[in-house]
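Read through the structure below, which is laid out as structure tokens, and then see the notes.
None of the values given here were measured: they were computed from a predicted structure. Just so we're on the same page: letters track the sequence lines, and every chain starts at 1.
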2 protein chains.
Amino acid sequence: MTRELTVGEVAKRSGVAVSALHFYETRGLIRSHRTEGNQRRYSRDVLRRVAILKVAQDVGISLADIADAFASLPDGRTPTREDWTRLSTAWKADLDHRIRQLQKLRDGLGDCIGCGCMSITACPLRNREDRLAAKGPGAHRLVVQ
Amino acid sequence: MTRELTVGEVAKRSGVAVSALHFYETRGLIRSHRTEGNQRRYSRDVLRRVAILKVAQDVGISLADIADAFASLPDGRTPTREDWTRLSTAWKADLDHRIRQLQKLRDGLGDCIGCGCMSITACPLRNREDRLAAKGPGAHRLVVQ
DNA sequence: CCTTGACCTCAAGTTAAGTTGAGGTTGTAG
DNA sequence: CTACAACCTCAACTTAACTTGAGGTCAAGG
């Protein structure tokens, strides 16, 4: 019952495609070992990894950043409660930050988009507009759902 | 002083690259008219459009969706306060929704990632895990910063 | 007039996060 | 022992949102 899982089983249980699991593996997000016949076998905690991966991804964290966070998890053994807690703490700060940003935006929009305040210097949107000039052309922005 | 703007000026003021402005134009997000010598000229309200575009993009709204929203803006004339307010209202609902989702996630993570509750059926993460199987392989997810 | 910087178009390249397909192997059920 | 589903690898394709480059035009200063 606490048998190891095949890719197909993990795919079914976690809701991601087999090809996505292969891909995550190349990115170091999950690991597996192989049977005699070269087929992947996963230990059960891969399910938790994938679940957390998806949740993080949904809130706009890139796979690269998730990989960085996962790097703090132990390599050889199944993560303990403490290991996950460390991650949780890191995520929580990030989520708090994102929530604050969204709230700022929502409130800024409520006050500003329709208010005609583009002409006054106090408007967040207007500020944004002229301040960002410094950033100039840069790298691609990420994409998230 | 209320002269029209060149691409370079808009780029500098709005903090996006000239190439990005060209690109937005092909996507119908902004418009310009041409001088005798075929150079673009923008009316001042393009600055507001771009500012809002970037803000919306930052919170994870795709250009396609932004274009949809912008489609409700008047074609010929400069948008009025009412026009922007309509947009603002649409954004606000979306932002509220996103904020609620993030909060749910943050709280869920706080309770769940480190709690070892993967084994009990009440855990949001665990539920997510097995419920999503229905979705199966699907379209790409978007990417946003 | 000529140079120099800003513009123009169009095609091709880039990154993220996967998917799709071809060609071949494994494992299990009948 | 033979189907047939599930697995394997590797290369190529996809989408979003741009950037980069090539090859050529426009405009303002000296």
Nearest to the side chain of [X], which nucleotide is it out of [options]?
X: A:Thr35; options: C:dA17, D:dA17, C:dG27; answer: C:dG27
X: A:Val7; options: D:dA17, C:dG18, D:dC8; answer: D:dC8
X: A:Gln39; options: D:dT9, D:dC18, D:dC7; answer: D:dC7
X: A:Thr6; options: D:dC7, D:dC18, C:dC7; answer: D:dC7
X: A:Ala20; options: C:dT19, D:dT9, C:dG27; answer: C:dT19
X: A:Gln57; options: D:dA17, C:dA17, C:dC7; answer: C:dA17
X: A:His22; options: D:dA17, C:dG27, D:dC8; answer: D:dC8

Could you tell me the separation between the [atom1] atom of [X] and the [atom2] atom of [N], rounded to a whole number of Å?
X: A:Leu21; N: D:dC8; atom1: CG; atom2: C1'; answer: 14 Å
X: A:Arg41; N: D:dA6; atom1: CZ; atom2: P; answer: 13 Å
X: A:Leu53; N: C:dA16; atom1: CG; atom2: C1'; answer: 13 Å
X: B:Leu5; N: C:dC7; atom1: CG; atom2: P; answer: 11 Å
X: B:Tyr42; N: C:dA6; atom1: OH; atom2: P; answer: 16 Å
X: A:Asp65; N: C:dT15; atom1: CG; atom2: P; answer: 17 Å
X: A:Phe23; N: C:dT19; atom1: CZ; atom2: C1'; answer: 11 Å
X: B:Asn38; N: C:dA6; atom1: CG; atom2: C1'; answer: 14 Å

List the steps, then state whether side-chain contact (heavy atoms from CB on, under 4.5 Å) holds for A:Arg41 with A:Thr6. CA-CA 5 Å; A:Arg41 287 301 179 269; A:Thr6 67; 3.7 Å; yes
Is B:Arg40 touching bases, backbone alone, or none of the nucleic acid, heavy atoms closer than 4.0 Å? sugar-phosphate
Mind checking if A:Arg34 touches a base, just sugar-phosphate, or nothing, with heavy atoms under 4.0 Å? sugar-phosphate
Worked check of salt bridge (Lys or Arg N to Asp or Glu O under 4.0 Å) between A:Glu9 and A:Arg40: CA-CA 11 Å; A:Glu9 286 165 343; A:Arg40 291 173 178 82; over 6 Å; no
For B:Arg31 and B:Asp45, what are the C-alpha separation, side-chain angles and deciding distance, and is it a salt bridge (Lys or Arg N to Asp or Glu O under 4.0 Å)? CA-CA 10 Å; B:Arg31 20 165 60 221; B:Asp45 52 273; over 6 Å; no
Starting at the 5' end of DNA chain C, which residue's closest nucleotide do you reach first, B:Gly8 or A:Tyr24? B:Gly8
Worked verdict on A:Ser43 versus A:Glu4 for side-chain hydrogen bond (donor to acceptor under 3.5 Å, both in side chains): CA-CA 5 Å; A:Ser43 67; A:Glu4 300 207 291; 5.5 Å; no
Within the distance-only criterion (no hydrogens, no angle test), does the side chain of A:Arg49 pair as donor or acceptor with the backbone N or O of A:Leu29 below 3.5 angstrom? yes
